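Residues take their numbers from the sequence shown, with the count starting at 1. As the structure is a computational prediction, the values presented were derived from the model and not from experiment. Side chains are part of it too, since the values below use all heavy atoms of this structure and drop only hydrogens, waters and symmetry mates.
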Amino acid sequence: MTKPLRVLIVEDSEPDTELLLRELRRGGYDPQHVRVETAEAMRAEMTSKEWHIIFCDFSMPRFNAFDALALLCQIGLDIPFIIVSGTIGEDRAVTAMKAGAHDYILKDNLKRLIPAVERELREARMRQDRRAKEEEIERLAYFDPVTGLPNRFYFQKSVSQAIKSAQGKHPLALLLMDLQRFKDVNDTLGHHRGDALLQQVGMRLKSALFTPDIVARLGGDEFGILLPRLTATEDIEMVVEKLQDILMVPFMVEGIPIAVEGCTGVAIMPDHGDDPDRLLQLADIAMYRAKNLASNYALYSPEYDRHSPEKLGLMAELRDGIDQNQLVLHYQPKIEILSGSVVGEEALVRWQHPRRGFLSPDQFVPTAEYTGLIGPLTYRVLNDALNYCRDSGNASTQLPVSVNLSARSLHDHRLLESVWTALQARGVEPHQLTLEITESAIVLDPKRAEESLTGLNRMGIRLSIDDFGTGYTSIGSLKRLPIDEIKIDKSFVTGILTDRDDATIVRSVIDLGHNLGLRVVAEGVETKEIFDALASFGCDEVQGYFIARPQDGASMNDWLRESSWKTDSGK
């Protein structure tokens with residue numbers, strides 16, 4: 001049985017072509033051939049038909065084997081190429097092989113033709129199989145098996161390449177989108193329908209974009225979108241609106257209509273940096289911010305990022321700052337309104353950073369809350385405040401010192417032991433220490449918080465709810481907690497003269513505190529007018545710039561001696 005063979009013959013001699021075809025038939029092939037003798041004819045045949053093999057004369061009046069090889073390379077085809085020539089020297093034959101020819105055969109010795117054809121066809125099939133496997137490996141490595149879209153690895157490579165191409169020429173945008181309530185689809189309808197939904201979402205997103213934009217599935221229900229050639233950053237919002245609009249029409253999965261919404265976060269190069277990983281991180285931060293917005297869309301802003309590299313770098317230095325006594329406590333007095341006496345001081349931490357200078361707590365404490373450093377930081381502040389209480393003579397005048405207790409420390413099982421040890425080591429009486437706890441720290445684990453606060457109360461330590469009014473603590477839980485005072489958040493206090501709602505809130509908190517038998521302290525008192533208003537509301541104590549700014553221990557002791565406010569709490 002003859003084997004079909006599509007043969008392109010580059011030859012200017014018809015008789016030599018017939019000799020070649022006769023030899024192929026004798027070898028069991030059924031050659032279907034076309035003969036060409038110019039570059040134009042060869043190009044036309046190679047681009048319009050598929051060929052198994054090419055035979056080429058070495059030299060012709062208007063064409064030669066080197067020109068044919070160059071044309072084959074230019075078109076990018078991998079086809080066995082055998083030179084069949086009447087005369088070819090060994091040197092020229094070697095040169096032809098180096099140029100891409102697979103073999104050469106002399107026309108007066110065609111007995112080598114069939115073995116050469118079989119060998120080259122076999123090796124061509126092997127190369128084709130290898131390429132197919134490589135393409136499959138590449139597909140698995142670079143493309144998502146569910147949606148067929150590029151995967152995270154491909155997307156990251158594309159972002160890197162786009163950044164290199166765009167440098168200094170035009171901005172680019174990186175978008176991250178995830179699908180709202182996609183987990184509900186998987187849980188209620190099954191993963192196979194969830195996969196079908198992801199496929200349709202991917203197709204819709206892709207249909208809304210234009211080359212060279214890229215949409216990729218990064219994992220789960222998260223999609224990445226690269227806009228590598230922005231003409232203006234204002235265009236991003238239009239693109240986001242287009243993507244959101246295209247998702248509005250419900251998807252039909254096995255006859256079930258499924259509504260989908262996407263939350264989109266955006267980072268821009270160069271506005272937000274030019275590092276691919278960093279841009280992905282910032283877009284991710286913006287995406288989670290978008291979940292809290294009605295628009296389901298957010299452009300990255302540094303205020304969203306509690307874990308910026310600068311802050312994380314600062315945390316790496318904070319441990320040394322704690323160990324090397326770089327933390328400094330400042331103190332702000334609390335005044336009892338009726339008596340005009342100083343009745344306590346709040347310890348406020350500062351960081352004297354060796355390179356960055358004086359850092360306020362809002363520059364490092366919130367980030368420390370999310371690391372293992374908040375514990376050592378809290379206990380360092382506690383110990384230093386108790387040292388001040390012991391050394392400044394406050395024990396004789398019975399002025400308590402207040403220390404802010406972090407959420408993590410409140411739920412630390414070693415809290416009671418650590419506080420008691422600190423008091424005993426410095427000879428400070430428990431009633432001289434007030435621990436201030438935010439409402440948000442309590443709601444993290446109300447049961448554990450109640451146990452810790454009860455233990456501290458039994459030790460004789462005073463307890464205060466700081467920043468009261470931010471809406472976390474219920475009246476019921478307030479009744480159960482063994483607290484001594486509540487501190488009204490300064491955001492309400494500063495507006496009591498100009499905002500009727502703020503004034504109403506402050507009055508209500510004061511009345512609530514008194515009805516529960518608690519002292520009420522107002523923070524952020526910056527003017528005499530606010531002080532007088534709080535006095536008329538019946539507030540018990542105040543602190544703020546109107547009384548004194550926070551200052552270091554030595555300065556505070558000087559202030560206590562020289563102040564017109566009474567410093568003997570017994571008066």
Side-chain angles (χ1 to χ4, degrees), residues 134-167 169-180 182-183 194-231 233 235-244 246-247 260-291 296-300 304-305 307 309:
E134 289 172 352
E135 288 172 1
E136 177 64 11
I137 292 171
E138 181 177 0
R139 187 185 67 80
L140 294 173
Y142 290 115
F143 292 87
D144 171 54
V146 174
T147 63
L149 295 173
N151 62 13
R152 179 178 289 273
F153 184 64
Y154 184 98
F155 187 71
Q156 288 175 316
K157 284 187 63 175
S158 300
V159 172
S160 298
Q161 293 168 357
I163 287 173
K164 290 177 183 177
S165 300
Q167 288 283 7
K169 300 174 186 175
H170 52 79
L172 65 80
L174 193 156
L175 288 66
L176 288 187
M177 173 189 286
D178 77 357
L179 307 181
Q180 299 280 60
F182 176 74
K183 184 177 182 297
D195 287 350
L197 175 61
L198 290 173
Q199 292 168 4
Q200 292 189 38
V201 169
M203 286 189 289
R204 279 201 200 174
L205 293 177
K206 190 174 181 180
S207 71
L209 300 173
F210 301 97
T211 305
D213 302 340
I214 294 173
V215 58
R217 184 192 176 206
L218 306 187
D221 61 340
E222 187 175 86
F223 293 84
I225 297 158
L226 174 64
L227 307 178
R229 296 193 64 85
L230 285 179
T231 54
T233 55
D235 295 343
I236 297 171
E237 194 163 348
M238 295 174 56
V239 173
V240 172
E241 289 178 359
K242 184 178 180 182
L243 295 174
Q244 290 176 337
I246 206 167
L247 296 179
V260 166
E261 287 184 353
C263 277
T264 306
V266 181
I268 300 173
M269 194 285 293
D271 296 12
H272 302 137
D274 58 4
D275 177 75
D277 292 336
R278 180 61 177 155
L279 287 175
L280 274 168
Q281 181 188 20
L282 299 186
D284 188 58
I285 291 168
M287 182 179 71
Y288 278 93
R289 171 64 176 170
K291 293 177 183 291
N296 288 335
Y297 158 68
L299 180 65
Y300 171 78
Y304 304 154
D305 187 3
H307 306 295

**Request:** Begin from the C-alpha positions of Val159 and Leu280 and carry the test side-chain contact (heavy atoms from CB on, under 4.5 Å) through to its verdict.
**Result:** CA-CA 9 Å; Val159 172; Leu280 274 168; 5.6 Å; no

**Item:** side-chain hydrogen bond (donor to acceptor under 3.5 Å, both in side chains) against Arg289, all qualifying residues, sequence neighbours excluded
**Value:** none

**Complete:** dist Met269:CE -> His170:NE2 (nearest 0.5 Å) comes out at 7.5 Å

**Prompt:** Can you check whether Leu247 reaches Met177 side chain to side chain, under 4.5 Å on heavy atoms?
**Reply:** yes

**Request:** Classify the ring geometry between Phe143 and Tyr154 as parallel (under 30°), tilted (30 to 60°) or perpendicular (over 60°).
**Result:** tilted

**Prompt:** Any idea which heavy atoms bring Leu282 and Ala267 closest together, and the distance?
**Reply:** CB-CB, 4.1 Å

**Asked** Closest approach of Gly262 and Gln244, non-hydrogen atoms and distance?
**Response** O-NE2, 4.0 Å

**Message:** The criterion is side chain to side chain contact (heavy atoms under 4.5 Å, CB included); which residues satisfy it with Ala162, sequence neighbours excluded?
**Reply:** Leu172, Leu226, Pro228

**Asked** For residues 146-160, which residue pairs qualify under salt bridge (charged side-chain N to carboxylate O under 4.0 Å, His left out), counting only residues two or more places apart or in two chains?
**Response** Arg152-Glu222

**Complete:** Heavy-atom nearest pair, Ala286 first then Val266, reads CB-N, 3.7 Å

Show which side-chain atoms of residues 203-214 pair as donor or acceptor with protein atoms under 3.5 Å away, not counting sequence neighbours.
unit_1 : atom_1 : unit_2 : atom_2 : d
Arg204 : NH1    : Ile246 : O      : 2.9
Arg204 : NH1    : Val249 : O      : 2.7
Arg204 : NH2    : Val249 : O      : 3.3
Arg204 : NH2    : Pro250 : O      : 3.4
Ser207 : OG     : Arg204 : O      : 2.6
Asp213 : OD2    : Phe210 : N      : 3.4

**Request:** For residues Pro171 and Asp271, determine if any side-chain heavy atom of one lies less than 4.5 Å from a side-chain heavy atom of the other.
**Result:** no

**Asked** Rounded to the nearest 0.5 Å, how far apart are CZ of Phe223 and CG of Leu218?
**Response** 8.5 Å

**Separation between OH of Tyr288 and CG of Asp178, rounded to the nearest 0.5 Å** = 6.0 Å

**Prompt:** With distance as the sole test, does His272 use its side chain to make a donor-acceptor pair with the main-chain N or O of Ile268 at under 3.5 Å?
**Reply:** yes

**Fill in**
Those residues at least two apart in sequence (or on a different chain) that pass side-chain hydrogen bond (donor to acceptor under 3.5 Å, both in side chains) with Gln156 are none

**Item:** Which atom of Tyr297 lies closest to which atom of Ala290, heavy atoms considered
**Value:** N-CB, 3.6 Å

**Asked** What's the verdict on side-chain contact (heavy atoms from CB on, under 4.5 Å) for Leu198 and Leu179, showing C-alpha distance, side-chain angles and the deciding distance?
**Response** CA-CA 9 Å; Leu198 290 173; Leu179 307 181; 4.1 Å; yes

**Heavy-atom closest pair, residues Ala173 and Ile236** = CB-CD1, 3.7 Å

**Request:** Decide yes or no for Gln200 and Val260: does some side-chain heavy atom of the first lie under 4.5 Å from some side-chain heavy atom of the second?
**Result:** no

**Prompt:** How many angstroms lie between CG in Leu175 and CG in Leu299, if you round to the nearest 0.5 Å?
**Reply:** 9.5 Å

**Prompt:** Passes side-chain contact (heavy atoms from CB on, under 4.5 Å), Thr264 versus Ile225? Steps please.
**Reply:** CA-CA 10 Å; Thr264 306; Ile225 297 158; over 6 Å; no

**Leu174 vs Phe155 side-chain heavy atoms within contact, under 4.5 Å** = yes

**Message:** According to side-chain hydrogen bond (donor to acceptor under 3.5 Å, both in side chains), who are the partners of Thr147, at least two apart in sequence or on a separate chain?
**Reply:** Asp144

**Message:** Closer than 3.5 angstrom, by distance alone: can the side chain of Gln199 be matched with the main-chain N or O of Val146 as a donor-acceptor pair?
**Reply:** yes

